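These numbers come from a predicted model, not from an experiment.
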Amino acid sequence: MARLTRDARTLARVCRLARRPAARRVARLARDVRYGRLERSLSLATALGSAITAAEIYLEHDRAGFGNRVMWWPVALGPVGVAAGVAGFADRRAAHTALPVASAAIVANGLQGTYLHVRGIAAKPGGWRMARYNIELGPPLFAPLLMCMVGGMGLLASVLRRER
């Protein structure tokens with residue numbers, strides 16, 4: 001009985017806070033998170049993450065002189081991810097069609113990049129015997145996984161429910 005009373009008091013406190021505009025928005029966000037309604041938010045986060053990641057990849061690959069044509073692929077997928085993320089934010093249908101296709105391509109390219117970066121570290125003088133040195137000065141080992149994470153957010157957004 002005491003637990004029920006405590007829960008009722010907590011609910012009353014939350015309701016009082018919900019009357020305030022900022023608190024109401026926070027309470028709504030908490031409710032959306034609790035019930036898995038994050039489609040629009042994660043779609044927008046995918047768009048933003050795609051833009052930032054593509055810019056960072058461009059700068060790093062430019063520093064390496066784009067020595068391999070495959071280095072252009074993640075740069076080209078950045079705007080695709082931005083367009084799909086914004087479309088998923090604006091339209092429910094795009095969130096279930098364009099966003100998962102673009103996000104799957106981004107994840108696949110991130111996994112490919114991880115493989116190529118591992119291969120690039122192995123090609124350095126000393127290879128994996130000098131792992132500490134080659135990981136620091138070779139291609140960044142975990143950077144392509146950032147791209148996988150951005151694509152994963154898009155895939156997750158496409159299966160969640162839309163906010164009200």
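Here the shortest heavy-atom pairing between A94 and P100 reads O-CD, 4.4 Å. Nearest heavy atoms, P74 versus A54: O-CB, 4.4 Å. The two atoms that bring L42 and L160 nearest to each other are CD1-CD1, 3.7 Å, heavy atoms only. Closest of all the heavy-atom pairs between G81 and S50 is CA-OG, 3.4 Å. Counting all heavy atoms, side chain and backbone alike, M71 lies closest to A64 at CE-CB, 3.9 Å. Considering every non-hydrogen atom in both A84 and A102, the closest pair reads CB-CB, 3.6 Å.
In this structure, CZ in R162 is found 10.0 Å from OG in S41, a value given to the nearest 0.5 Å. Distance check, rounded to the nearest 0.5 Å: OG of S43 to CG of L156 gives 10.0 Å. Atom CG of N109 sits about 9.0 Å away from atom CG of L116, to the nearest 0.5 Å. Put simply, CZ on R40 and CZ on R161 are 16.0 Å apart, with the number rounded to the nearest 0.5 Å. To the nearest 0.5 Å, the span separating CD1 on I57 from CG on L77 amounts to 9.0 Å.
Taking the side chain as every heavy atom from C-beta outward, M149 and L146 approach each other to under 4.5 Å. Looking only at side-chain heavy atoms (C-beta outward), L137 and K124 stay at 4.5 Å or farther from each other. For the pair W128 and I121, the minimum side-chain heavy-atom distance is below 4.5 Å.
Among pairs with a residue in residues 88-104, those fulfilling side chain to side chain donor-acceptor pair (under 3.5 Å) read E39-H96, at least two apart in sequence or across chains.
Linking ILVMFWY side-chain heavy atoms closer than 4.5 Å, directly or via other members, places L48 and L44 in two distinct hydrophobic clusters. L111 and W73 are members of different hydrophobic clusters when ILVMFWY side chains are connected at heavy-atom separations under 4.5 Å.
Between H61 and F66, the angle of the ring planes goes over 60°, which puts this pair in the perpendicular group of the 30/60° scheme.
Remark: of the listed residues V86, I106, V82, L99, L99 is the sole one forming a side chain to side chain contact (heavy atoms under 4.5 Å, CB included) with T46.
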